[in-house]
Student: 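First the structure, then my questions, so here it is.
The sequence lines fix the lettering, A, B, ..., with proteins before strands; numbering per chain opens at 1.
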Amino acid sequence: MVKIVSWNINGVRARIDNLLDWLRESQPDIVCLQEIKSVDEQFPRTDIEALGYHVETHGQKGFNGVAILSKLKFDEVNRGLTGDETDEQARFIEGVFSSESGAFRVVSLYLPNGNPVGTEKFPYKLGWMARLELWAAQRLSFEEPIVLAGDYNVIPQPVDAKHPENWVNDALFQPESRQSFRQLEALGFTDAVRATDDAPETYTFWDYTGGSWQKNNGIRIDHLMLSPEAASKLGSASIEKHVRGWEKPSDHVPVAIHLNV
DNA sequence: ATGGTTGCTTTGCAA
């Protein structure tokens with residue numbers, strides 16, 4: 001059984017004490033981080049390695065940036081999403097691991113926000129999603145367990161927002177964004193949280209402003225998408241919501257699965 | 001009512 005977690009940490013250097021406390025409490029095997037907002041050289045790896053994790057990063061200066069922490073040894077690491085050599089934004093890292101039942105793959109992805117709609121940011125988001133689908137379709141042919149974990153910046157359904165009417169003009173809830181997310185499901189990927197928990201008000205993000213956390217005015221945008229070979233091994237999924245109530249929290253919380261690989 | 005907060009590239013930008 002392997003515990004795999006996705007967490008948009010919103011600045012790993014600002015959040016390092018928070019991260020170390022959470023690692024000790026949650027005891028994950030593999031952690032997919034997004035928005036590390038750090039270059040690789042400044043990533044605070046030493047304290048994390050002291051807890052027994054291997055650390056692989058794909059950072060850039062100031063914003064974006066993803067990483068994978070793992071108690072399992074990496075067999076292979078791939079940085080960057082294929083399909084556009086001119087894209088310099090650090091939003092994708094893939095790790096390959098070995099288990100008793102064979103290889104499995106874990107991706108930490110930070111999908112573009114896409115706001116404001118009407119600027120070049122929105123077509124960049126949709127183009128990135130199209131590239132992700134091409135990559136995912138190619139990887140499916142491997143017939144391996146694959147976990148695509150990350151901040152998708154997509155609210156899949158109205159039930160995934162406390163106030164869906166407030167998001168109708170937002171890139172996270174545009175029909176094109178939601179359709180592209182559904183296309184990933186049509187390829188054969190399973191939304192782990194939705195597959196195991198149909199409870200309402202299941203959110204992963206609460207804005208810092210306006211007392212969103214106190215009002216539970218959240219949205220569900222952090223997802224772990226599972227290939228068929230991974231979905232058949234899914235044990236449980238959970239949202240570690242209490243972390244949002246900690247001192248100096250990220251605006252996202254960790255989303256965890258247990259996988260029987 | 002176009003607000004509010006956070007982190008980094010900082011006195012603006014992205015989220």
Side-chain angles (χ1 to χ4, degrees), chain A residues 6-22 31-45 47-48 57-67 81 87-93 108-129 132 149-156 160-174 176-178 180-181 203-223 241-255:
Chain A
S6 181
W7 191 14
N8 179 323
I9 197 162
N10 189 20
V12 69
R13 287 172 291 159
R15 208 84 55 212
I16 183 61
D17 291 340
N18 213 319
L19 173 60
L20 295 171
D21 286 346
W22 172 77
V31 183
C32 298
L33 297 176
Q34 301 89 36
E35 274 202 278
I36 62 174
K37 296 185 175 180
S38 172
V39 292
D40 296 340
E41 294 73 24
Q42 292 180 359
F43 189 94
R45 62 166 55 237
D47 289 341
I48 298 167
T57 62
H58 183 40
Q60 71 179 91
K61 190 175 180 181
F63 62 111
N64 299 332
V66 289
L81 179 59
D87 184 1
E88 295 183 344
Q89 298 196 29
R91 300 179 171 278
F92 185 99
I93 185 171
S108 179
L109 67 89
Y110 177 47
L111 213 145
N113 176 294
N115 280 305
V117 175
T119 69
E120 74 287 349
K121 289 169 184 285
F122 189 56
Y124 173 67
K125 178 191 188 114
L126 297 180
W128 204 94
M129 295 185 84
L132 178 62
D151 177 358
Y152 280 72
N153 270 315
V154 175
I155 302 167
D160 297 311
K162 177 83 165 189
H163 297 295
E165 69 276 13
N166 290 351
W167 295 92
V168 293
N169 294 319
D170 195 286
L172 279 59
F173 199 53
Q174 289 306 293
E176 296 94 331
S177 309
R178 295 170 57 196
S180 195
F181 184 83
Y203 309 131
T204 66
F205 168 92
W206 296 260
D207 197 279
Y208 286 124
T209 65
S212 295
W213 168 242
Q214 288 75 13
K215 299 173 192 167
N216 195 27
N217 179 13
I219 52 176
R220 193 176 71 93
I221 56 175
D222 299 275
H223 310 297
K241 182 177 178 177
H242 67 287
V243 175
R244 186 62 176 80
W246 287 3
E247 288 293 315
K248 209 170 178 287
S250 169
D251 39 9
H252 298 249
V253 296
V255 183

Student: Can you tell me how far P of B/dA14 sits from CG of A/Asp251, to the nearest Å?
Tutor: 17 Å
Student: Sequence neighbours left out, what passes salt bridge (Lys or Arg N to Asp or Glu O under 4.0 Å) with A/Asp222? Give chain and number order.
Tutor: none
Student: For A/Lys121 and B/dA14, what is the distance between atoms NZ and C1' respectively, to the nearest whole Å?
Tutor: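 Answer to the nearest Å: 6 Å.
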Student: Rounded to whole Å, how long is the line connecting atom CD of A/Gln34 with atom P of B/dA15?
Tutor: 14 Å
Student: Between B/dC13 and B/dG3, how far apart are the two P atoms, rounded to whole Å?
Tutor: 15 Å
Student: Do nucleotides 1-8 of chain B as a string where each nucleotide becomes B, S or -: B if the base has a protein heavy atom under 4.0 Å, S if just the sugar-phosphate does, - if no protein is that close.
Tutor: ---BBSSS
Student: Sequence neighbours left out, what passes salt bridge (Lys or Arg N to Asp or Glu O under 4.0 Å) with A/Arg15? Give chain and number order.
Tutor: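 Testing A/Arg15 for salt bridge (Lys or Arg N to Asp or Glu O under 4.0 Å), a comparison that skips the adjacent residues, returns none.
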Student: Side chains of A/Tyr203 and A/Asn217: do they bring a donor and an acceptor to under 3.5 Å?
Tutor: no
Student: What interatomic distance, in whole Å, is found between C1' of B/dT10 and the corresponding atom of B/dT5?
Tutor: 16 Å
Student: Base, sugar-phosphate or nothing for A/Phe205? Non-hydrogen atoms, less than 4.0 Å.
Tutor: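 Nothing, no nucleic acid heavy atom in range.
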Student: Is there a donor in the side chain of A/Asp151 and an acceptor in the side chain of A/Gln34, or the other way round, less than 3.5 Å apart?
Tutor: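 No pair is found: no donor N or O on one side chain lies under 3.5 Å from an acceptor on the other.
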Student: Can you tell me how far C1' of B/dA14 sits from CG of A/Asp151, to the nearest Å?
Tutor: 13 Å
Student: Could you give the distance separating B/dT11 and B/dT6 at their C1' atoms, to the nearest angstrom?
Tutor: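 Each nucleotide's C1' atom is 16 Å from the other's.
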Student: Could you measure between the two C1' atoms, the one in B/dG4 and the one in B/dA14, and give it in whole Å?
Tutor: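 Nearest-Å result for B/dG4 against B/dA14 at atom C1': 15 Å.
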Student: Would you mind reading off the distance between A/Glu35 atom CD and B/dC13 atom C1', rounded to a whole angstrom?
Tutor: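 Answer to the nearest Å: 13 Å.
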Student: Less than 3.5 Å apart, any donor N or O on the side chain of A/Lys121 or A/Asn115 sitting next to an acceptor on the other?
Tutor: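 A/Lys121 vs A/Asn115: no donor-acceptor pair found between side chains.
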Student: Ignoring hydrogens and angles, state whether a donor on the side chain of A/Asp251 or A/Trp206 is under 3.5 Å from an acceptor on the partner side chain.
Tutor: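 Checked: A/Asp251/A/Trp206 side chains show no N/O donor-acceptor pair below 3.5 Å.
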Student: Measure from CD on A/Gln89 to P on B/dA14 and round the result to the nearest Å.
Tutor: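 It is 10 Å, rounded to the nearest whole Å.
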Student: Would A/Arg220 pass as a cation-pi partner of A/Phe205, given that its NZ or CZ must be under 6.0 Å from the six-membered ring centre and within 45 degrees of the axis?
Tutor: no
